[in-house]
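Before any comments, here is the structure.
Both backbone and side-chain heavy atoms feed into the values below; hydrogens, waters and symmetry mates do not. Values in this document were obtained by computation on a predicted structure and should not be read as measured data.
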Amino acid sequence: MQILDIILGSTKWLFLIAVLAFYAIGWVAWRVQNDCIQRGYGPVATTFWSVGTLFCFFPCFPLYVLLRSRMGVKTGALIEDAQTETALTLLCMKCGQDTPADLTSCVHCGQPVASGEESPRVGTVACLVCGTQNPVGSQTCVTCGQWL
């Protein structure tokens, strides 16, 4: 009877350790998912890394940590700089080029730029992944296709 009690007692501890390990791995997978979203990965890449970390922790998590800075996504301050880069411009009616809104003449052709409602205002938003300037109404980047 004592051997059976020892086996059952150790089984309880092993089960408890397994449950705690699964919760810890689930938490790490959740953090990987949030990191992927913050870095601007697409939904397929985010799902791949988070589910891979959950079910294949030991090969996927170290690989993610090694590759995440090499996957072409800007990190840290570069992302913050890209988010704050928005510039209002006026469209020159003669050459069609964008001119900063605070100037009165076109930078390219020298033609006076109409202000107010005569010239349409065009705003740009920088892509978080590649840094390309996109029109304000765009949902995806014209260069890399990431969601803005």
Under the rule for side chain to side chain contact (heavy atoms under 4.5 Å, CB included), what residues qualify as partners of Ser50, not counting sequence neighbours?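 Side chain to side chain contact (heavy atoms under 4.5 Å, CB included) check on Ser50 returns Gln33.
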Partners of Cys144 by side chain to side chain contact (heavy atoms under 4.5 Å, CB included), sequence neighbours excluded?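 So Cys144 forms a side chain to side chain contact (heavy atoms under 4.5 Å, CB included) with Cys127, Val129, Cys130, Cys141, Gln146.
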Applying salt bridge (Lys or Arg N to Asp or Glu O under 4.0 Å), which residue pairs with at least one partner in residues 18-36 are found, sequence neighbours left out?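 Residue pairs passing salt bridge (Lys or Arg N to Asp or Glu O under 4.0 Å), neighbours aside: Asp35-Arg39, Asp35-Arg68.
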Selection residues 48-62 - residue pairs positive for salt bridge (Lys or Arg N to Asp or Glu O under 4.0 Å), sequence neighbours left out: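 Output for this query is empty, none listed.
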By side-chain hydrogen bond (donor to acceptor under 3.5 Å, both in side chains) - contacts of Thr47 (at least two apart):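 Expected list: none.
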Can you get from Phe61 to Leu67 by hopping between Ile, Leu, Val, Met, Phe, Trp and Tyr side chains that sit under 4.5 Å apart?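 Yes; Leu67 is reachable from Phe61 via cluster members.
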Taking Phe58 as the starting point, is it possible to reach Ile17 by hopping between hydrophobic residues whose side chains are less than 4.5 Å apart?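 No, Ile17 and Phe58 fall in different hydrophobic clusters.
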Residue pair Ile37 / Tyr41, side-chain heavy-atom distance below 4.5 Å: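 Contact flag for Ile37/Tyr41 side chains = no.
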Would you name the heavy atoms of Thr46 and Cys36 that are closest together and state the gap between them?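 Of all heavy-atom pairs spanning Thr46 and Cys36, the closest is OG1-CB, 3.6 Å.
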Other than Leu14, what residues sit in its cluster of Ile, Leu, Val, Met, Phe, Trp and Tyr side chains whose heavy atoms are under 4.5 Å apart, directly or through others?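 Reading the cluster by chain and number, Leu14 sits alone, since nothing else belongs.
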What residues join Val19 in its hydrophobic cluster, counting side-chain heavy atom gaps under 4.5 Å, either direct or through other members?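 Besides Val19, the hydrophobic cluster comprises Phe15, Tyr23, listed by chain and residue number.
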Begin with the C-alpha distance, continue with both residues' side-chain angles, and end with the deciding distance and a verdict on side-chain contact (heavy atoms from CB on, under 4.5 Å) for Phe55 and Ile25. CA-CA 9 Å; Phe55 292 110; Ile25 290 172; over 6 Å; no
Taking the inter-plane angle between the rings of Trp30 and Trp27 on a 0 to 90° scale, is it parallel (under 30°), tilted (30 to 60°) or perpendicular (over 60°)?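 Geometry flag for Trp27 against Trp30: tilted rings.
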